[in-house]
Amino acid sequence: MTDHHVHRLPNGIRILFKHFPSPITHCCFVLNAGSRDELPGKEGLAHFIEHLLFKETERRNTPQILNRLELVGADLNAYTTKEYTCIHASLLKQHLERTVDLFEDILFHSTFPEEEMEKERGVILDEIASYQDQPEEAIQDDFEELLFAGHPIGKNILGTPESVAALSGNDIKQFTLANNNTHQMVFAVYGDYDFNKLIKLCEKYFGNVTENNKQKNRIAPDIIKSAYHAIKKPIAQTHCVLGGRAYPSAHKNKYGLLLLNNVLGGMGMSNRLNLEIREKYGIAYTIESNYTSLTDTGIFSIYFGTDAGKAEKALKLVHKELKKLRDNKLGTVQLKQAKEKFIGQIALAEENRMNLIISMAKSLLDFDHIDTLEDIFNKINEVTAEDLLEISNEIFDNDRMITLLFEPK
């Protein structure tokens, strides 16, 4: 049995509902449109549009949009990724219709006035400068640009000062027409409602949205060669990211790599990289690994920051841990403990109901299906030590890895 309900409106927009008896509701509207869908020279456009959704519509000015939910104590926000745009809100359950009304207004009736575009252009240019002042953030963007050289996935979601400065109202219209496919939109609600009444509410506000079923043609990135890059910056520490391409979201080895990533440098203080490099040698305050799956590729990376004189040793220790995973299978007890830890973390993460409902909406977009928690646990428990060894030798292959360092001048 599923623990959720899905309904598709005639125009293609899907309604996802997960019941939970609480006075608090979490909801989101997810569009399958992100920075990878931008044309060359239009980098930052998807993020620019996300900012402008909170400005002026046919019925509301900026203060009216911002006050619509804040006046009743609700929280409204949005973000853009490589593949999605997401608007989300947390609110008292009695304010759902107010929220649905606002979502429909800003998503489908924004007017993008020139004066608001100019204001928000300046805000985003400041945002870009802010990230450039944070090497631990900037290095991730630069690493992905190297990893997906020449491909839209590698471009910075914020864009560049030059590209953002050149974006126009016509660019917004063209991007929206090409990418806002109503069949690739999900409105998701996590709260205490009757599903049939929720459907009627969504029909009232989203039912008249004009259908758009224009198909996009996303092209998977080409394979890249391993490389080593060291860049001098006016910074105090050395920052390093190393990693490579990984499995897409539908790959059979996805859960194996998620488990492996958790063993190596995932959540908590007991992962291998933290125990070896921070606890044993004390040469990095922050060290972590991450695996992000996209629809047709993925990203595996390890990040650490350390004193310039300790960076070489830290990098050698990272490679030592990767070699251990390539050369040695996890023992029976190690594998059992790794699975129990990961499953427990996933179960606890369900307490963050906003993240959960957004994750479910994205899963519906990507797979037209949502795994239950039991399904996910079963997939993790099916992973074998042989699977992890195979994955390690593929993903942690030195010939597939890019290393980027920001070094103090």
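Owing to the predicted nature of the structure, the values given are computational and were not obtained by experimental measurement.
Expressed to the nearest 0.5 Å, how far CG of Leu365 lies from CE of Met360 amounts to 12.5 Å. Atoms NE2 and CZ, from His51 and Arg121 in turn, are 13.0 Å apart once rounded to the nearest 0.5 Å. In this structure, CD1 on Ile124 lies 8.0 Å from CG on Leu167, to the nearest 0.5 angstrom. Interatomic distance, Glu145 CD to Ile402 CD1, rounded to the nearest 0.5 Å: 11.0 Å. One distance of note links CZ of Arg36 with OG1 of Thr81; it measures 10.5 Å at 0.5 Å rounding. Atom-to-atom distance recorded for Glu43:CD and Leu158:CG is 12.0 Å, nearest 0.5 angstrom.
Judged by distance alone, the side chains of Thr295 and Glu83 do bring a donor and an acceptor atom under 3.5 Å apart. Using modelled atom types, one finds no donor on one side chain facing an acceptor on the other under 3.5 Å when comparing Asp133 with Ser130. Side chains of Asn213 and Gln215: a donor on one and an acceptor on the other come within 3.5 Å. Side chain to side chain, Lys82 and Thr292 fail the donor-acceptor criterion of an N or O pair below 3.5 Å. With hydrogens and angles left out, the side-chain atoms of Glu382 and Tyr255 include no donor and acceptor closer than 3.5 Å. Counting only N and O atoms by type, the side chains of Asn261 and Ser289 include a donor and acceptor under 3.5 Å apart. Side-chain N/O atoms of Tyr84 and Asp366 include a donor and acceptor closer than 3.5 Å. Judged purely by distance below 3.5 Å, without hydrogens or angles, the side chains of Asp105 and Thr57 pair a donor atom with an acceptor atom.
A distance-only check finds a donor-acceptor pair linking the side chain of His151 to the backbone of Ile219 [under 3.5 Å]. Remark: the backbone N or O of Glu394 is not paired with any side-chain donor or acceptor of Asp397 at under 3.5 angstrom. Between the side chain of Lys310 and the backbone N or O of Ile283, no donor-acceptor pair lies under 3.5 Å. Remark: the backbone N or O of Gly309 is not paired with any side-chain donor or acceptor of Asp307 at under 3.5 angstrom. Thr111 places a side-chain N or O within donor-acceptor distance of the main-chain N or O of Glu56, the cut-off being under 3.5 Å. Side-chain atoms of Arg245 come within 3.5 Å of backbone N or O of Leu147 as a donor-acceptor pair. When atom types are taken as modelled, the side chain of Asn271 and the backbone of Asn274 share a donor-acceptor pair closer than 3.5 angstrom. Side-chain atoms of Asp375 come within 3.5 Å of backbone N or O of Thr372 as a donor-acceptor pair. At distances below 3.5 Å, at least one donor-acceptor pair connects side-chain atoms of Tyr291 with backbone N or O atoms of Tyr247. A donor-acceptor distance shorter than 3.5 angstrom exists from the side chain of Ser363 to the backbone of His369, with no hydrogens or angles considered.
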Item checked: Stepwise side chain to side chain contact (heavy atoms under 4.5 Å, CB included) test for Val241 and Asp142 -> CA-CA 9 Å; Val241 175; Asp142 288 5; over 6 Å; no
Margin query: The test is salt bridge (Lys or Arg N to Asp or Glu O under 4.0 Å); show your working for Asp296 and Arg218 and say whether it passes.
Written below: CA-CA 9 Å; Asp296 51 10; Arg218 286 177 173 169; over 6 Å; no
Notebook entry, point to check: Taking it one step at a time, do Ser270 and Lys341 satisfy side-chain hydrogen bond (donor to acceptor under 3.5 Å, both in side chains)?
Noted result: CA-CA 10 Å; Ser270 62; Lys341 176 185 176 183; 2.9 Å; yes
Note to self: Quick one, Val123 with Glu120, criterion side chain to side chain contact (heavy atoms under 4.5 Å, CB included). Give me CA distance, side-chain angles, the key distance, then yes/no.
What the structure shows: CA-CA 5 Å; Val123 170; Glu120 213 55 33; 3.7 Å; yes
Item checked: Residue pair His7, Leu198: steps toward the side chain to side chain contact (heavy atoms under 4.5 Å, CB included) verdict -> CA-CA 10 Å; His7 176 83; Leu198 175 64; over 6 Å; no
Next item on the list: Evaluate the ring pair (Phe, Tyr, Trp, His ring centres under 6.0 Å) criterion for residues Phe300 and Phe396: first the C-alpha distance (whole Å), next the side-chain angles of each, then the deciding distance (0.1 Å), finally the verdict.
Entry: CA-CA 9 Å; Phe300 172 79; Phe396 304 155; 5.0 Å; yes
Next item on the list: List the steps and the verdict of side chain to side chain contact (heavy atoms under 4.5 Å, CB included) for Met117 and Leu52.
Entry: CA-CA 7 Å; Met117 287 180 61; Leu52 289 167; 3.8 Å; yes
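Applying the 6.0 Å contact sphere to CZ of Phe367 captures more than 12 heavy atoms from other residues, nucleotides or ligands. More than 12 heavy atoms of other residues, nucleotides or ligands lie within 6.0 Å of CG in Leu71, so this atom counts as buried by the packing criterion. No more than 12 heavy-atom neighbours from other residues, nucleotides or ligands sit within 6.0 angstrom of NZ on Lys200. Atom NZ of Lys173 has 12 or fewer neighbouring heavy atoms from other residues, nucleotides or ligands inside a 6.0 Å radius.
A heavy-atom distance below 4.5 Å is not found between the side chains of Pro248 and Thr297. Residues Leu16 and Ile370 meet the side-chain proximity criterion, which asks for heavy atoms closer than 4.5 Å. Side-chain atoms of Asn32 and Asn181, non-hydrogen and from C-beta on, never get closer than 4.5 Å to each other. Side-chain contact check for Phe187 versus Val100: some heavy-atom pair is nearer than 4.5 Å. Residues Leu91 and Cys27 have side chains in contact (heavy-atom distance under 4.5 Å, counting atoms from C-beta outward). Residues Ile277 and Glu321 have side chains not in contact (no heavy-atom distance under 4.5 Å, counting atoms from C-beta outward). Side chains of Val383 and Ile391 form no contact here, defined as non-hydrogen atoms less than 4.5 Å apart. Within the 4.5 Å cutoff, side-chain heavy atoms of Ile380 are placed close to those of Ile346.
Taking the six-membered ring for Trp and thresholds of 30 and 60 degrees, Phe20 and Tyr190 have ring planes more than 60 degrees apart, a perpendicular arrangement. Ring planes of Phe17 and Phe195: parallel class, angle under 30° (limits at 30 and 60°).
In terms of heavy-atom proximity, Ile65 sits nearest to Leu53 at CD1-O, 4.3 Å. Nearest heavy atom pair, residue His88 against residue Ala78, reads NE2-N, 4.0 Å. When all heavy atoms of Ile287 and Leu273 are compared, the closest pair comes out as CG2-O, 3.9 Å. Taking all atoms of both residues into account, the shortest heavy-atom contact from Asp101 to Arg60 is OD2-NH2, 2.8 Å. Across Arg14 and His183, no two heavy atoms sit closer than the pair NH2-O, 3.4 Å. Residues Lys55 and Glu116 share a closest heavy-atom pair of CD-OE1, 3.4 Å.
Not counting sequence neighbours, the partners of Asn393 by the side chain to side chain contact (heavy atoms under 4.5 Å, CB included) test are Arg326, Leu389.
Salt bridge absent: Lys119 and Glu115 never bring a charged side-chain N and a carboxylate O closer than 4.0 Å.
The aromatic ring centroids of Phe48 and Phe175 lie 6.0 Å or more from each other.
The side chain to side chain contact (heavy atoms under 4.5 Å, CB included) test with Asn352 is passed by exactly one of Asn355, Leu356, Leu348: Asn355.
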